[in-house]
Amino acid sequence: MNTQNGTESDAMLKGQAQIWRYLFGILDGMALRCCVELRIADIISNHGRPTTLSEIAAGIDSVSINMDGLGRLMRFLVYKKVFDEITPQPEKGKGEGEKAYSLNYCSKWLLFDTNNVTLAPMVMMRTDSSMVLPLHALSRSIKEGVTTFKMTHGQELFDFSSLHSEFNRIFNEGMACTAKITTDAIMSKYKIGFLGSKGSVVDVGGGTGVAISEIVKTYPHLKGINFDLSHVISTAPTYDGVTHVAGNMFEAIPRADTIFMKWILHDWSDEDCIKILKNCRKALPTKTGKVIIVEIVQHSTGDDIFDDTCRAYDLVMFSHFSSGKERTESEWKNLLVEGGFRRYNIIKIHALQSIIEAFP
């Protein structure tokens, strides 16, 4: 039987291990960045079979590969279940063959050279020094009430992005890849929602137009409008059935039968969200239309596979945006009512976010 002191000692040991795990958790993200920069997942994919360390090294563009470092990186990523490791059966008289590595359901999300869904651009964006350095100012942000991003860079994130083209590219590519993932989840779970829509759909804050292009491609009876700030629209490619419109959602939103907003309102304060929602209401037909909001809905149950990430995202919003936050259902309900939307439905999809379908 454990004594009280023994039980307390075990609990303290577990607490210590937990702190160590959190302390070095930053290396998880940086190891993923290293993997993407070296295109390791793509090298294995291109072989079409389990790939040895020497074959991975041969696929990396370098004449001075650190094989020891590469091997230790792969050992770490296998431990983290990013890749699978295959140990070959020894052949008689030849000894044990070289270990090989294969893709699994985790590393397939790190493929960079693919037309399929990928998180590789988001890995590069979230681990970019411009995004990581502000986290050092988290305590100052709490003390002084200024975002960590502005403390570090002297500007809020969107202002910084508009003036730094390389960061703007990295940021837009990161958001575009997640837009594709979320849009695919929406398409598989919300088919009837778009089938029942008529006329035009405006994607407010639509970035480079990935989401709205997928919507009109799947539902060609709809006319798409991609609406965002001018410096974002300037980098947007041309899509069939989509018109790019530059503007400011705080001033006015293009008139449409349906308004789509994906991961926009979490950037803003309650007051700003209400202003945006009121502009949405003005842009809709008098008695019909709806707003399709795609956002994280925080739950207290803790039984969703994305719960950890949703809570971490709330810290990202707090630290990188002056008024950003992830909200609970009751908080969303209050915003919708104040913005002129009396009815709503929440639809869970296979993504971080949920669909909030709101009606006047």
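We number each residue from 1, following the sequence as shown.
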TODO: State the CG-CG distance between L119 and L32, to the nearest 0.5 angstrom.
DONE: 9.5 Å
- [ ] Calculate, to the nearest 0.5 Å, the distance between atoms CD and CG belonging to E271 and L335 respectively.
- [x] 9.0 Å
Open item on the list: So, using side-chain contact (heavy atoms from CB on, under 4.5 Å) as the criterion, who are the partners of R342 when residues are at least two apart?
Closed with: V337
Task: Salt bridge present between R169 and E173 (N-O < 4.0 angstrom) - done: yes
Open item on the list: Show the nearest heavy-atom pair for residues L53 and G71, with the distance to one decimal.
Closed with: CD2-CA, 3.7 Å
Task: Residue pair T127 / V36, side-chain heavy-atom distance below 4.5 Å - done: no
TODO: Would you mind listing every side chain to side chain donor-acceptor pair (under 3.5 Å) that reaches into residues 176-190, with sequence neighbours excluded?
DONE: K180-D184, T182-Q353, Y190-K290, Y190-E357
Open item on the list: Between S107 and N104, is the side-chain hydrogen bond (donor to acceptor under 3.5 Å, both in side chains) condition met? List the steps.
Closed with: CA-CA 5 Å; S107 44; N104 58 25; 3.1 Å; yes
- [ ] Report yes if the side chains of M122 and I181 come closer than 4.5 Å at any heavy-atom pair, otherwise no.
- [x] no
Task: K198 NZ: over 12 foreign heavy atoms closer than 6.0 Å - done: no
Open item on the list: Ignoring hydrogens, what is the shortest heavy-atom contact between A236 and T208? Give both atom names and the distance.
Closed with: CB-O, 3.6 Å
Task: Under 3.5 Å donor-acceptor, T118 side chain and W109 backbone - done: yes
Task: Set of side chain to side chain donor-acceptor pair (under 3.5 Å) partners for Y105, sequence neighbours left out - done: none
TODO: Output yes when a side-chain donor or acceptor of T148 lies under 3.5 Å from a complementary backbone atom of S319, and no otherwise.
DONE: yes
TODO: Determine whether more than 12 heavy atoms belonging to other residues, nucleotides or ligands lie under 6.0 Å from atom CD1 of I26.
DONE: no
- [ ] Not counting sequence neighbours, which residues clear ring-ring contact (aromatic ring centres under 6.0 Å, His included) with F76? List them please.
- [x] none
Task: Expected output: side-chain N46 to main-chain D42 donor-acceptor under 3.5 Å - done: yes
Open item on the list: For a 4.5 angstrom cut-off between non-hydrogen side-chain atoms, does K348 reach D304?
Closed with: yes
Open item on the list: So for atom NZ, which belongs to K278, do other residues, nucleotides or ligands contribute more than 12 heavy atoms lying within a distance under 6.0 Å?
Closed with: no
Open item on the list: Between K14 and D10, does any side-chain N to carboxylate O distance fall below 4.0 Å?
Closed with: no
Open item on the list: For the CG atom of L336 and the CD atom of E329, what is their distance to the nearest 0.5 Å?
Closed with: 10.0 Å
Open item on the list: If hydrophobic clusters are built by linking Ile, Leu, Val, Met, Phe, Trp and Tyr wherever their side-chain heavy atoms come under 4.5 Å apart, do V117 and I305 end up in the same one?
Closed with: yes
- [ ] Sort out for me which residue in C35, C106, P50 forms a side chain to side chain contact (heavy atoms under 4.5 Å, CB included) with F83.
- [x] C35
TODO: Show which residues join M12 in its hydrophobic cluster (side-chain heavy-atom contacts under 4.5 Å, direct or indirect), or state none.
DONE: none
Task: Whichever hydrophobic residues join L135 through chains of side-chain contacts under 4.5 Å - done: none
Open item on the list: Between T243 (side chain only) and G241 (backbone N and O only), is there a donor and an acceptor less than 3.5 Å apart?
Closed with: no
TODO: Sorted by first residue and then second, give each ring pair (Phe, Tyr, Trp, His ring centres under 6.0 Å) pair with at least one member in residues 256-283; sequence neighbours left out.
DONE: F250-W268, W263-H266, W263-Y313
Task: Co-membership, hydrophobic cluster, residues I296 and I292, 4.5 Å side-chain - done: no
TODO: With the side chain counted from C-beta on, respond yes when V242 and D203 share a heavy-atom pair under 4.5 Å apart, and no when they do not.
DONE: no
Open item on the list: Under 4.5 Å between side-chain heavy atoms, counting indirect links through other Ile/Leu/Val/Met/Phe/Trp/Tyr residues: same cluster for L133 and F171 or not?
Closed with: no
Task: Spacing of C310 atom SG and H299 atom NE2 [to the nearest 0.5 Å] - done: 8.0 Å
TODO: Starting from the C-alpha separation in whole Å, work towards a yes-or-no answer on ring pair (Phe, Tyr, Trp, His ring centres under 6.0 Å) for F194 and Y219.
DONE: CA-CA 7 Å; F194 285 113; Y219 304 98; 5.5 Å; yes
Task: SB check R327 D270 (cutoff 4.0 Å) - done: yes
Open item on the list: Keeping S234 on the side-chain end and H231 on the backbone end, is there a donor-acceptor pair under 3.5 Å?
Closed with: yes
Open item on the list: Using side-chain heavy atoms (C-beta onward) and a distance below 4.5 Å, is M124 in contact with R33?
Closed with: yes
Open item on the list: Is the shortest side-chain heavy-atom distance between K325 and E331 below 4.5 Å?
Closed with: yes
Open item on the list: In the structure I gave you, are the side-chain heavy atoms of V202 and V245 within less than 4.5 Å of one another anywhere?
Closed with: no
Task: Short side-chain to backbone donor-acceptor contact, N168 and L163, under 3.5 Å - done: no
TODO: Indicate yes or no: at least one non-hydrogen side-chain atom of V210 is less than 4.5 angstrom from one of Y239.
DONE: yes
Task: L352 side, atom CG; I349 side, atom CD1 - distance, nearest 0.5 Å - done: 9.0 Å
Task: Reported CD1-to-CG distance for the pair I355 and N345, which is rounded to 0.5 angstrom - done: 10.5 Å
Task: Residues in ring-ring contact (aromatic ring centres under 6.0 Å, His included) contact with F318, at least two apart in sequence or another chain - done: none
Task: Sequence-distant partners of F149, ring-ring contact (aromatic ring centres under 6.0 Å, His included), two or more places apart - done: H153, F160, H320
- [ ] Output all residues satisfying side chain to side chain donor-acceptor pair (under 3.5 Å) with N66, sequence neighbours left out; order by chain, then residue number.
- [x] none
Task: Residues clustered with I192, ILVMFWY side-chain links under 4.5 angstrom - done: none
- [ ] Could you identify which residues cluster with L13, counting Ile, Leu, Val, Met, Phe, Trp and Tyr as linked when any side-chain heavy atoms lie under 4.5 Å apart, either directly or through a chain of such contacts?
- [x] none
